[in-house]
Novice: 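Can you read through this structure? Questions will come right after.
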There are 2 protein chains.
Amino acid sequence: MREFLKTKGFKMTPQRELIFRAFFEHGDHVSVDELYDKVRELDHTIGYSTVWRNLKLICKVGLAEEVNLGDGVTRYDRVTQVPHGHLFCTNCKKLIEFNVDQVVGLLAQVSRDHAFAPDSFKVEIHGLCAECSAKTEQIKNPEQVKS
Amino acid sequence: MREFLKTKGFKMTPQRELIFRAFFEHGDHVSVDELYDKVRELDHTIGYSTVWRNLKLICKVGLAEEVNLGDGVTRYDRVTQVPHGHLFCTNCKKLIEFNVDQVVGLLAQVSRDHAFAPDSFKVEIHGLCAECSAKTEQIKNPEQVKS
DNA sequence: CGACCATTGAAAACGATTTTCATTTTCAAT
DNA sequence: ATTGAAAATGAAAATCGTTTTCAATGGTCG
Ligand SMILES: [Mn+2]
Ligand SMILES: [Mn+2]
Ligand SMILES: [Zn+2]
Ligand SMILES: [Zn+2]
C-alpha cells in the first residue's frame with residue numbers, strides 16, 4: 001500500500017494508514033460519518049476532514065467509488081473485479097449487492113447505439129427488503145382475526 | 001388538473017398553476033433553480049420555496065420523480081408510461097433517455113430472487129456523449145499531421 | 001540535518017434543501 | 001356575499017452533508 005501510494009506521489013502517514021485499514025477491513029458502503037466513528041474508536045485525535053480527504057483519495061487512486069442512493073449521504077463502495085448492482089431498502093437502508101453481468105451487456109449495447117462512451121453503469125433497485133416488506137404488510141393488513 | 005388535485009385534497013392557486021404548466025410544458029429534468037428561473041420570467045413574484053414545494057407536490061401525486069445524478073442537484077423527471085434509463089454526460093450534463101424494458105425484466109427477476117419488493121428501478125450510464133467524446137479524443141491525440 | 005511540500009485538524013465556508021412563521025388565499029359551508 | 005378553517009405563499013432562517021481555508025505538523029529525500 002505504502003509503495004502503491006508512493007508511486008502515485010502520495011505520502012503515508014499514521015492517520016492515512018489507519019483510515020485505509022478501517023475502510024478495507026470493515027468499511028464497505030460507509031459514509032464519511034460512519035468511517036469517522038470507526039476510526040475514532042482507534043484514534044480519537046483524527047479529524048473529520050482527514051477521513052473525508054482519505055476517502056476521496058481512495059477513490060482517486062481507483063480503489064473505491066462514490067455511491068449516491070438519493071438519501072442525501074454519499075457512501076463509499078470498494079471497486080470489485082466484477083461490477084454489481086444495489087438493492088436499496090428505503091426503509092432500513094440495507095444495501096444488498098447483486099450481479100449485473102447480463103444487464104451490463106444490454107447497457108453496453110445501448111451505449112454503442114448512442115455513440116456514448118460509458119465510464120460506469122449504475123443499476124439500483126429501490127424498495128423494501130424482505131424484512132421491511134413483511135412488516136409493512138402487517139401494518140396494512142393487521143391480523144384479521146375477526147370474521 | 002384542478003380537479004385532479006382537488007380529489008387529493010390540494011388547492012389550486014395561480015402560482016401552482018403556473019409552476020405545473022411550466023414543468024409539464026418545458027421542464028423535464030429541471031432542477032429547482034432551473035424551474036424557478038423559468039417561472040420567474042412569467043411572474044417575478046413567485047418565491048423559491050413555492051417552486052420547491054410544488055415540485056415536491058408533483059412527485060407526491062405521482063406525476064414526477066426525483067432524479068439524482070450524483071452532481072449534487074436533484075432533478076425532476078416526468079413519470080412516463082414506459083420506464084426509461086439515463087445516459088448522463090459527465091462533461092456537458094446532457095441527459096439522454098433510453099428504453100429499459102429488457103433490463104427491467106432482469107431486475108424484476110433479481111428482486112424476486114431476493115424477496116425484495118421493488119418500488120423503482122434506476123439505470124444510469126455515466127460517461128461522455130458522442131460530442132464530448134469526440135472533443136476529448138482530439139485533446140488526447142492532437143491531429144498528428146507530421147509524419 | 002535541512003528544505004520542501006504533502007498532510008493534518010479545527011474551524012469556517014459553502015450550497016442545495018428544508019423549515020419556520022406571519023400573512024394571504026382558497027373553497028366549502030353558511 | 002360572508003365566513004371560517006385549512007392550505008398555500010414568500011422571505012428569511014435553519015439544516016446538514018460536503019468542501020475549503022489556514023496555520024501547524026510531519027514525511028521524504030538529498
Ligand atoms: Mn456495492
Ligand atoms: Mn428521464
Ligand atoms: Zn429494510
Ligand atoms: Zn457531453
Side-chain angles (χ1 to χ4, degrees), chain A residues 1-23 29-37 39-61 64-77 93, chain B residues 1-23 29-37 39-61 64-77 93:
Chain A
M1 191 69 248
R2 167 180 243 92
E3 299 313 315
F4 173 73
L5 285 177
K6 199 185 292 182
T7 65
K8 303 229 175 192
F10 300 106
K11 295 175 178 174
M12 184 47 74
T13 67
Q15 295 93 334
R16 178 161 292 167
E17 166 107 35
L18 191 53
I19 293 166
F20 273 54
R21 264 203 206 304
F23 177 70
H29 296 140
V30 284
S31 61
V32 179
D33 282 1
E34 288 166 353
L35 194 62
Y36 174 67
D37 288 346
V39 156
R40 270 266 164 160
E41 294 174 6
L42 303 169
D43 178 348
H44 65 80
T45 69
I46 288 186
Y48 182 91
S49 36
T50 300
V51 176
W52 178 80
R53 281 186 288 235
N54 277 291
L55 276 170
K56 287 286 188 187
L57 179 62
I58 292 173
C59 292
K60 193 182 313 190
V61 299
E65 275 181 355
E66 299 193 340
V67 180
N68 225 282
L69 286 320
D71 66 345
V73 304
T74 301
R75 279 156 230 273
Y76 293 82
D77 197 5
K93 315 290 183 191
Chain B
M1 190 71 250
R2 165 179 243 94
E3 298 313 314
F4 173 72
L5 285 176
K6 198 185 294 183
T7 65
K8 302 228 174 194
F10 300 106
K11 296 174 176 174
M12 184 47 73
T13 67
Q15 295 92 334
R16 177 160 293 167
E17 166 106 37
L18 192 52
I19 292 166
F20 273 55
R21 264 202 206 305
F23 178 70
H29 298 140
V30 284
S31 62
V32 180
D33 281 1
E34 287 166 352
L35 193 62
Y36 174 66
D37 287 346
V39 157
R40 271 265 163 162
E41 293 173 8
L42 303 169
D43 177 348
H44 71 302
T45 68
I46 288 186
Y48 182 92
S49 34
T50 300
V51 175
W52 177 80
R53 281 186 288 236
N54 276 292
L55 276 170
K56 287 285 189 188
L57 179 61
I58 292 173
C59 291
K60 192 181 317 190
V61 299
E65 274 180 356
E66 299 193 342
V67 180
N68 225 281
L69 286 321
D71 66 345
V73 304
T74 301
R75 279 157 230 274
Y76 293 83
D77 198 5
K93 315 290 183 191

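Order of the sequence lines sets the chain letters (A, B, ...), proteins ahead of strands, with each chain counted from 1. Small disclaimer: the values here were computed from a predicted structure and weren't measured.
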Novice: What is the distance from atom NZ of Lys93(B) to atom NE2 of His29(B), rounded to the nearest 0.5 Å?
Specialist: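 Those atoms lie 15.0 Å apart.
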
Novice: Students often get this wrong, so: under 4.0 angstrom with heavy atoms, is Ser31(A) touching a base, only sugar-phosphate, or nothing?
Specialist: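 It contacts nothing in the nucleic acid.
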
Novice: Across nucleotides 24-30 of chain D, 5' to 3', mark each nucleotide with B, S or - according to how protein heavy atoms within less than 4.0 Å reach it.
Specialist: --BBSS-

Novice: Excluding sequence neighbours, so at least two apart, what forms ring-ring contact (aromatic ring centres under 6.0 Å, His included) with Phe4(A)?
Specialist: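 With neighbours one apart ignored, the set is empty.
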
Novice: Using only side-chain N and O atoms of Ser49(B), determine if any of them is under 4.0 Å from OP1 or OP2 of dA11(D).
Specialist: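 It does not, given that no N or O in the side chain of Ser49(B) lies less than 4.0 Å from OP1 or OP2 of dA11(D).
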
Novice: Just wondering, do Leu57(B) and Phe10(B) contact through their side chains at under 4.5 Å, heavy atoms?
Specialist: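 Of all side-chain heavy-atom pairs linking Leu57(B) with Phe10(B), at least one is under 4.5 Å.
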
Novice: Taking only the side-chain nitrogens and oxygens of Gln15(B), find out if one of them lies under 4.0 Å from OP1 or OP2 of dG10(D).
Specialist: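 Indeed, a polar side-chain atom of Gln15(B) lies that close.
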
Novice: Could you name each residue pair satisfying salt bridge (charged side-chain N to carboxylate O under 4.0 Å, His left out) that touches residues 66-77 of chain A, not counting sequence neighbours?
Specialist: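 Found Lys56(A)-Glu66(A), Asp71(A)-Arg75(A).
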
Novice: Strictly below 4.0 Å, heavy-atom distances to any atom of DNA chain D: list the hits from residues 50-60 of chain A, or just say none.
Specialist: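 DNA chain D contact set from residues 50-60 of chain A: Trp52(A), Arg53(A), Lys56(A).
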
Novice: Would you say that Ile19(A) contacts Arg16(A) through its side chain, given a criterion of any heavy-atom pair below 4.5 Å between the two side chains?
Specialist: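 Heavy-atom side-chain distance check fails, nothing below 4.5 Å.
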
Novice: Are Leu42(B) and Arg21(B) side-chain neighbours, meaning at least one heavy-atom pair lies under 4.5 Å?
Specialist: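 Not in contact.
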
Novice: With rounding to the nearest 0.5 Å, note down the distance linking CG in Leu5(A) to CD in Glu3(A).
Specialist: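 Rounded to the nearest 0.5 Å, the CG-CD separation comes out at 9.5 Å.
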
Novice: For DNA chain C, what string of dots and brackets results from 5' to 3' when Watson-Crick and G-U pairs need both distances under 3.5 Å, crossing pairs get [ ], and pairs with another strand get |?
Specialist: ||||||||||||||||||||||||||||||

Novice: With a 4.5 Å cut-off on side-chain heavy atoms, are Val32(A) and Tyr76(A) touching?
Specialist: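 They are in contact (side-chain heavy atoms under 4.5 Å apart), so the answer is yes.
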
Novice: Within this structure, what is the OH-to-P distance between Tyr36(A) and dG17(D), rounded to whole angstrom?
Specialist: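 Atom OH in Tyr36(A) sits about 14 Å away from atom P in dG17(D).
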
Novice: Under a criterion of less than 4.0 angstrom to any heavy atom of chain B, what are the 5'-terminal and 3'-terminal contacting nucleotides of DNA chain C?
Specialist: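 First-to-last contact on DNA chain C, by the 4.0 Å heavy-atom rule, is dA16(C) to dA28(C).
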
Novice: Rounded to the nearest 0.5 Å, what separation is found between the CG atom of Asn68(B) and the CG atom of Leu69(A)?
Specialist: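 Atom-to-atom, Asn68(B):CG and Leu69(A):CG are 9.5 Å apart.
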
Novice: Given side chains that start at C-beta, do those of Met12(B) and Glu17(B) come closer than 4.5 Å, heavy atoms only?
Specialist: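 Yes, side chains in contact.
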
Novice: Need to verify one output field. Residue with the more 5' nearest nucleotide on DNA chain D, Gly9(B) or Gly47(B)?
Specialist: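 Comparing both residues, the 5'-ward one is Gly9(B).
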
